[in-house]
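In what follows, a single structure is set out as structure tokens and then discussed.
By convention in this document, chain letters (A, B, ...) are assigned in the order of the sequence lines, proteins followed by strands, and residues within each chain are numbered from 1.
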Amino acid sequence: MSTLITEQPIAVAPRPWTDHALLHPWLLRGLSLALVLAAWEYAGRVPISPAFPTFADTAAAWLAMLQDGSLLRALWITLQPLAIGLLISGLLGVAIGVAMGLNRLTEWFGAPIFIVLQSAPLAALIPLLTFAYGIGLTSKVLTVCIMAMPVIVLNAFNAVRHTPGSLLEMGKSFLGSKRQLILAIVLPAASPVIFAGLRLGAAAGFIGAILAELLITPTGIGDIITYSQSIADYPAMYAAIATVILFSVLFIELLEWLEIRLFRPDQRVPR
Amino acid sequence: MQIGRFRVPMMASLLIWALLWEIVGRLGLTILLPPLSAIAGRMAEIVPTPTFLAAAWITLQAFLAGNLIAIALGVPLGVLMGRSVIADRMLLPWVNLFLSAPLTALVPVIMILFGYGQTTIILTVVMFALWIIVLDARAGVRNIAPSLIEMARVYGATPLQAFLKIHLLAALPEILAGIRLGAIRAVKGVIIGQLLVSIVGFGRLFELYSSNFLMEHFWALILVLFAVAFALAEGLGYLERRVEYYAAARH
Amino acid sequence: MTPASHASQAAPAAPPPRPIVQVERIGKVYPGGVEALSDLSLDFPEGQLTTLLGPSGCGKTTLLKIIAGLIEPTRGQVLVDGQPVSGPGPERAFVFQDFALLPWASVLRNVAFGLELRGLAKGEREAIAEQQIQEVGLKGFEQHFPHQLSGGMRQRVGLARALAVDAKVLLMDEPFSAVDEQTRRKFQEDLLALVAHQKKTFLFVTHSIEEAVYVSDRIVLLSRRPSQVTRIIEPAVPRGGDPDAIRRHASYLDTVETIWRGLKHYVD
């Protein structure tokens, strides 16, 4: 055996950073945020473009808009079509998806439509919606709906269709009725994926809501973006954009948190 | 679906929908929905026109350029994040942020910085496609069985060899999945970009048709776009399934 | 029926137990033409633990699921207590290879789930469940979730769930195969105690010869697909003493050896 021993031992993968205090996750995240903001500030000071404000100017514009209430008013207006649209597409979408998952005929009839729509650039329908329903709330609500619906439907559908086979067998072997199997096994097993669909639908709905405000008529946040762009008040424009992006990300985080609280008690208990 | 012993293909129900569309269109309930046959006729008429072909060409260019840039940036970034804890911790929050953020809100910024033209549309495509590519490449690298990497080390692979022959290939199923999802997002991105810029490619045609109430033209364009998008998604899905044995063999 | 080859002890004078499960000329062809079972007939005596043992993919799980009423046979029928099986029934309970626990439900709710489906009131079914949880040695874990338990503990939950519905026949599909070796041994000992004092009939599927010989009153050896009964063995292993002594007992070792010689030629 001794002949096989090489002079240089095979090095063990060096992993010094994993528990290095200085490289704690939150420290790295904070550092990353600081670097990006510093880069933003620097690029604004150069400036890389007359239309690129510094971070400090943007933050100041944000505070000013927050103080005079215009930002919150605009956000409130933007949220109306979004909330209505998400409510409609959530209720309707989950219902359609679950129906398609439970019934073969419904699946045959409905699934192809939503599979096509999921890959389709549905934003192209917005001019048509404007033409049909004018420039008011209805068009914006429908824009949110068409953007959010396909992913909600398909998630609900797939979740129901892919209920673990052994759980269904177990339910059958303990004499569960069809109704009991759906209520006690299929829906609880599907709920995390259904809810994930709602989360993705909400993200798509935000895209739709902003797009509607930029394309149909400028209202809410879209109005601040368009107006401040037209008078070259770039800090206000950037602040409005940052606000709506942060808001949507926080909203989606909230949904994720809710998902764990509501549907997965097994993930809530400390391990 | 089964009828007796005969299996009715899934997509056959689309024919029924088309028939319903035709009936509703013939009834003339709304000018919004012309009969499908009229739309098909219009499609045959406008698709060969130079205007349409030029719009399709410039759209395709933006789509391809955007995707290529997103892949060229996204895959190495994802592999880096999968390999390095520091890079991962610093970049992941941003990737997650942009993955779910309403990116449409950033298009106006791109417009004022890069003008109302093709560059803006390409950058919109990049922005839509990039993040999912990064995330999937990262997942692919993180999913590589540690024994495979140890095997490479035991047999004396250099870091470059390990990267090319192990990491990239072992993560291929996830990388391809990311590219496919990125391409689907990119289709949406290119159309959103064109709608917002509205003077380039299909964006200009949409503007033209809808402001002149040319519903048949409008629908013809929509159906062409939806069909192309669907064919693209399915085609990429097919390619991806061809390397799926790979992922199955690995776990 | 093939005579029991290794029943070295003289059969006692007591009348043979009546067959509670009768499998009559069962055949199963899966869609696509795979023939899992071909014309298989077999009786399972009441109050005993009978093991179906055979090479991987020989159709033993298929047979067990046909008896459970979860899979429809292509030909033949299964009688339980003289009644033909047309689906799952209250006199049979199934223990699953992958446990089949509801990941979103506590141990208590999982154990009570069979009773919940039967419409028992919450208080009533939870009282029964708590008793069975104690029976399988999981007291104190009622409010835990499956992911917080080890594989062995999860299968104890699956077992308690099957015991809670108080079925006459327990069908166990490789229940210990996803459990580590030490836990497995403990499990086998507990199963022997359970068989001794539960007065139930156990149908057990395994691919482990040692496990089969250790726990079974009767072992049915199945051939490769399409499966048929090649032999029935009644291991004459003394029960009731030190559980570890069984594994050292000559007849235990002999039976294992005999079965291995019988099955060897199936291994490629």
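- No donor-acceptor distance shorter than 3.5 angstrom exists from the side chain of W17(B) to the backbone of G110(A), with no hydrogens or angles considered.
- Within the 4.5 angstrom heavy-atom criterion, no atom of I48(A) approaches chain B.
- For S119(A) against A233(B), the heavy-atom pair with the smallest separation is CB-CB, 3.7 Å.
- Interface residue P108(B): backbone and side-chain heavy atoms are both found under 4.5 Å from chain A.
- Of the atoms belonging to M111(B), not a single heavy atom falls under 4.5 Å from chain A.
- At a 4.5 Å heavy-atom cutoff, the contact between L122(A) and chain B is made by backbone and side-chain atoms alike.
- Residue Y234(A) touches chain B through its side chain alone, counting heavy-atom pairs closer than 4.5 Å.
- With a 4.5 Å cut-off on non-hydrogen atoms, I191(B) touches chain A through its side chain but not through its backbone.
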Side-chain atoms of residues 221-229 of chain B: list all donor-acceptor pairs with protein atoms under 3.5 Å, sequence neighbours left out, distances to 0.1 Å.
none

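- For I16(B), the part lying under 4.5 angstrom from a heavy atom of chain A is the side chain only.
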Decide yes or no on side chain to side chain contact (heavy atoms under 4.5 Å, CB included) for I207(A) and K188(B), but give the supporting numbers first.
-> CA-CA 11 Å; I207(A) 291 186; K188(B) 300 176 180 182; over 6 Å; no
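- Neither the backbone nor the side chain of I221(A) comes within less than 4.5 Å of any heavy atom of chain B.
- The most heavy-atom pairs under 4.5 Å with chain B, out of T226(A), L125(A), L117(A), L128(A), come from L128(A).
- Of the possible donor and acceptor atoms, one in the side chain of S13(B) sits under 3.5 Å from a partner among the backbone N and O of W108(A).
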